[in-house]
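This report concerns only the one structure given below.
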Amino acid sequence: MIHCTNLHKSFGSKTVLRGASMDVPPEQGVTALLGPNGAGKTTTLRILAGLVTPDSGTVRINSIDLQTDRAAAQRQLAFLPQDVRFHPAMTPRRVLRFYAQLREIADPDIETALETVRLTDAADRSCEALSGGMRQRLGLALADLMDAPLLLLDEPGLSLDAEWRAYLNKYLCRHVDRGGTVLMATHLLDVWGDLIDATLHCTNGTISAPSESPAHTPAAS
Amino acid sequence: MTPLPLSAFRALAIREGYTALHNRFVQAFALVVWASSTAVAVFTGNDASVPFAVLLLWLYVVPLFALLIGVRTIHEERDEHPFLLSQPVPRVTFIIAKLTTLVGLIAAVLAAALVPVALAAPGGGWMLIFGLGLALALIGVSVGLALGQYAQSAVRGLMGALLLWFVGLVLYDFATLALVQVPFMHDQPALWMGILLLNPLDAVRLAGLMGLEAVPFTVPGAQQWAEPLLNRLDIWVAALTLVWTTVAVEWTRRHLNRYDVQ
């Protein structure tokens, strides 16, 4: 699902990635990208999402070269940033409708999507007035609506309470059971530990080979 | 070149239209243009001078607001970029959708502002004025988008827009006037005029004034090669608009394609 080799990235004089490589096969389920702050986890995820262009190296998402056909590679994924934000003039209902149109999703069930993340009452409120947790839930509703095979999550659940983290946990299990792949950058190993199938360690701009961890079992979800 | 995905373009245009209605600069522009154009029609007194007054008013107002609207629309959605730009849409689509929607909105405002003015002073070359206003809007919004894309913060972008507007309106004319003092330019009046006409505001001003007066534009001592240009200033304005808009859009596209969302 993800294959990247020898990624280098600097922002000005600050080098963030120094030859990072990784392979995440589609059957791997949930992979956690671990590492201290500033190790390059967010930059790696943003490169994979097509938001940051690496100085060198190659990225393939589902065998599609991200550099040569960014839009086609992005069609394979949904990215949920750490701090989800939307245009201040938009409302959750409009946001869902907009992204559904953008992704050419036929007959999107906007009302059910809002209901699932309990945003029906806030559906016509300005996104500026939503709390961090509500924005994360809207992001989750969008990721669900997009139904992309690869989910990239940057520190998911930081703004969510225990109930919604449990919801996210179930959602990720469901995604994997349907054959999807998840790559998440996280510090919360205690929260996601049961869910994680493999880990990658990001240290000082490089990524070490995955080590096996207890396999995710659909029954556990 | 990859064709623009139409469904994505439509989704972006609808979103841009909706968010633009909440944009303070769009609201202020609609109010200022409509109120001031109506005031000009009511208080000018002489019907024949109404079109000239409207033209001069728009020369100040349209480029200023078009620049500000372009900058503002880019910075309003910066926080959403991690989500927005990870969508499977060629980035140029975002620019084209913004440009066409915003220029369409500005055109609607200008058309609405012309209605009371045209009723007050019928038959006054309104199509010419509308076309020139549209040219200013196209150049202003596309340059505003480029400026907004380059500026690190909204404040810097807006300051840049104000500076650019002031340069176009005043400083460029001072600079070209200073150029007249150069002896070589005395023998090249058409060249001097050509330099002046590279500024869209000067080109629109001259095309509007000459068009409304219905007199040919002449430059004493101008070489023969310059005559077609001077006689058809409307075509010159159309060509200049195309060049300025294309360059600004291409500049924005290149920057947006290389832009790293941090």
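Within every chain, numbering begins at 1; the chains are lettered A, B, ... in the order of the sequence lines, protein sequences first and strands thereafter.
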Ignoring hydrogens, what is the shortest heavy-atom contact between [X] and [Y]? Give both atom names and the distance.
| X | Y | answer |
| --- | --- | --- |
| A:L102 | B:A11 | N-CB, 4.0 Å |
| B:P88 | A:A71 | CB-O, 3.1 Å |
| B:D260 | A:K9 | OD2-NZ, 2.5 Å |

Heavy-atom count check: over 12 atoms from other residues, nucleotides or ligands less than 6.0 Å from [X] [atom1]?
| X | atom1 | value |
| --- | --- | --- |
| B:R254 | CZ | no |
| A:F11 | CZ | yes |
| B:E250 | CD | yes |
| B:R156 | CZ | no |
| A:R178 | CZ | yes |
| B:W244 | CH2 | no |
| A:D121 | CG | no |

Measure the spacing between [atom1] of [X] and [atom2] of [Y] and express it to the nearest 0.5 Å.
| X | Y | atom1 | atom2 | value |
| --- | --- | --- | --- | --- |
| B:H22 | A:M90 | NE2 | CE | 10.0 Å |
| B:Q87 | A:L77 | CD | CG | 8.5 Å |
| B:T73 | A:H87 | OG1 | NE2 | 6.0 Å |
| B:L84 | A:F98 | CG | CZ | 5.0 Å |
| A:R70 | B:L85 | CZ | CG | 8.0 Å |

Evaluate the ring pair (Phe, Tyr, Trp, His ring centres under 6.0 Å) criterion for residues B:F83 and A:Y99: first the C-alpha distance (whole Å), next the side-chain angles of each, then the deciding distance (0.1 Å), finally the verdict.
-> CA-CA 10 Å; B:F83 214 96; A:Y99 281 101; 5.2 Å; yes
Side chain / backbone / both / neither for [X] at chain B, heavy atoms under 4.5 Å:
| X | result |
| --- | --- |
| A:V95 | neither |
| A:R75 | both |
| A:I47 | neither |

Honestly, the part of B:N23 sitting under 4.5 Å from a heavy atom of chain A is neither
Checking B:R91 against chain A: side chain, backbone, both or neither under 4.5 Å from a heavy atom?
-> side chain
Winner by heavy-atom pair count (cut-off under 4.5 Å) against chain B, out of A:Q76, A:R94, A:E104 | A:R94
Trace of the side chain to side chain contact (heavy atoms under 4.5 Å, CB included) decision for A:Q101 with B:R15 | CA-CA 10 Å; A:Q101 283 175 333; B:R15 170 192 160 101; over 6 Å; no
Could you point out which residue of A:L80, A:L51, A:L45 forms a side-chain contact (heavy atoms from CB on, under 4.5 Å) with B:S86?
->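 Running side-chain contact (heavy atoms from CB on, under 4.5 Å) over A:L80, A:L51, A:L45 with B:S86 returns exactly one hit, A:L51.
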